[in-house]
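Structure first, then comments.
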Amino acid sequence: MLTIDLTGKRALIAGVADDAGYGFAIAKALASAGATVSVATWPPALTIFKNLLERGKMDAARRMPDGSLLTFERIYPFDAAFDTLEDAPEDLRTNKRYKEVGDFSVAGLANRWAADFGDRSLDILVHSLANGPDVTKPLLDTSRAGYLAALNVSAYSLIAMVARFGPVFRPGGSVLSLTYMASERVIPGYGGGMSSAKAALESDTRVLAFEAGRRFGVRVNTISAGPLASRAASAIGIIERMVDHCATNSPLPEPVQPADVAYTAAFLASPLGAGITGSTVYVDKGYHVMGMDVGKA
Ligand SMILES: NC(=O)c1ccc[n+]([C@@H]2O[C@H](COP(=O)([O-])OP(=O)(O)OC[C@H]3O[C@@H](n4cnc5c(N)ncnc54)[C@H](O)[C@@H]3O)[C@@H](O)[C@H]2O)c1
């Protein structure tokens with residue numbers, strides 16, 4: 001039987017801080033397929049996330065198909081806005097959410113990974129994070145700082161992560177990120193340069209597939225996911241309307257489930273996806289092919 005088997009594979013998912021988003025669902029799918037999963041969490045969300053885990057508040061979501069609970073091999077602090085600790089401003093480094101966690105930069109994360117697991121220890125890297133401080137503002141009203149912050153955290157961070165983690169990948173490694181159709185179609189309300197960041201992320205996926213494929217032997221893909229009312233998406237303010245609109249107007253008229261995206265991620269990360277790199281893979285119930293609204297039946 002053909003199955004997705006990730007036994008013996010080690011995965012790191014950046015951008016997990018609760019059980020409601022795509023990153024968590026991907027963690028569960030990869031673990032269900034046999035991978036060992038670590039996560040990297042934004043320092044401002046780290047304490048709450050650990051408390052939720054320790055107090056059993058996420059046990060229902062952590063329940064695996066075999067009845068066991070999803071566990072994380074490591075939970076690292078990670079702020080994708082900074083390549084090195086020195087790049088972080090002093091007031092952030094001394095902030096109460098940051099000062100005790102150690103080196104939370106991209107380099108810090110890669111160094112901790114190498115110290116914990118050694119050379120050639122990573123098989124799957126998932127970038128499941130985004131942030132745009134001006135996301136609720138139209139592009140026309142977005143400040144330069146807000147635009148650059150969106151690009152920094154939501155797009156450049158993928159380049160930085162592939163560059164730093166490339167050397168620790170084992171042969172057959174896979175990098176995956178999450179994008180959104182606002183990169184190519186106008187989604188009013190998805191502002192602040194987040195649409196630009198997703199366009200950059202998709203373009204970078206193609207170039208990184210070539211460069212990191214040649215340099216490190218890894219594949220690089222991105223999943224263009226349909227709307228989901230995650231914590232990050234709720235900041236957009238119109239997420240319920242986006243979910244409803246897609247469910248109503250897609251070829252498959254139902255909301256995208258986190259597991260739909262997660263199973264695709266597991267496939268892409270597995271040896272079954274060995275021929276796929278540089279791709280934007282749509283997991284949106286087909287919404288992206290539509291040229292006209294259908295409306296409610
Ligand atoms: N929810 C959707 O509708 C949707 C649709 C398509 C694509 N996506 C993408 O999926 C990915 C995951 O988002 P989600 O919607 O599942 O929400 P989520 O809230 O589960 O994940 C976003 C994560 O990004 C983290 N983050 C924010 N700033 C960070 C920083 N500077 N450094 C490190 N981490 C940081 C947050 O703490 C959070 O854990 C994102 O790339 C998002 O753009 C989401």
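Just follow the structure's listing: the first ligand is 1, and inside any ligand the first atom is 1. Below, all heavy atoms of this structure are taken into account, side chains as well, without hydrogens, waters or symmetry copies.
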Determine all donor-acceptor pairs shorter than 3.5 Å in which one atom belongs to a side chain in residues 20-29; sequence neighbours excluded.
from: Tyr22; atom 1: OH; to: Gly226; atom 2: O; distance (Å): 2.6
from: Lys28; atom 1: NZ; to: Ala61; atom 2: O; distance (Å): 2.7
from: Lys28; atom 1: NZ; to: Arg63; atom 2: O; distance (Å): 3.1

Please set out all donor-acceptor pairs under 3.5 angstrom arising from side-chain atoms of residues 189-198, sequence neighbours excluded.
from: Lys198; atom 1: NZ; to: Leu178; atom 2: O; distance (Å): 2.9

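For the pair Asp59 and Arg62, the salt-bridge criterion is met [side-chain N within less than 4.0 Å of a carboxylate O].
Remark: Arg10 pairs with Glu73 by the salt bridge (Lys or Arg N to Asp or Glu O under 4.0 Å) rule, at least two apart or across chains.
Of all heavy-atom pairs spanning Pro43 and Phe78, the tightest one is CD-O, 3.2 Å.
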Between ligand 1 and the protein, give all atom pairs where both partners are nitrogen or oxygen and the distance is under 3.5 Å, as lines of names plus distance to 0.1 Å.
from: ligand 1; atom 1: 1 (N); to: Leu228; atom 2: O; distance (Å): 2.9
from: ligand 1; atom 1: 1 (N); to: Ser230; atom 2: OG; distance (Å): 3.4
from: ligand 1; atom 1: 3 (O); to: Leu228; atom 2: N; distance (Å): 2.8
from: ligand 1; atom 1: 3 (O); to: Leu228; atom 2: O; distance (Å): 3.3
from: ligand 1; atom 1: 15 (O); to: Ser230; atom 2: OG; distance (Å): 2.5
from: ligand 1; atom 1: 16 (O); to: Tyr22; atom 2: N; distance (Å): 2.7
from: ligand 1; atom 1: 17 (O); to: Ser230; atom 2: OG; distance (Å): 3.1
from: ligand 1; atom 1: 19 (O); to: Ala232; atom 2: N; distance (Å): 3.1
from: ligand 1; atom 1: 28 (N); to: Asn131; atom 2: ND2; distance (Å): 3.3
from: ligand 1; atom 1: 31 (N); to: Trp42; atom 2: NE1; distance (Å): 3.3
from: ligand 1; atom 1: 31 (N); to: Asp79; atom 2: OD1; distance (Å): 2.9
from: ligand 1; atom 1: 32 (N); to: Ala80; atom 2: N; distance (Å): 2.8
from: ligand 1; atom 1: 41 (O); to: Leu129; atom 2: O; distance (Å): 3.2
from: ligand 1; atom 1: 41 (O); to: Leu178; atom 2: O; distance (Å): 3.4
from: ligand 1; atom 1: 41 (O); to: Lys198; atom 2: NZ; distance (Å): 3.0
from: ligand 1; atom 1: 43 (O); to: Lys198; atom 2: NZ; distance (Å): 2.8

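Under the 3.5 Å distance criterion, the side-chain polar atoms of Asp134 are matched with a main-chain donor or acceptor of Ser143.
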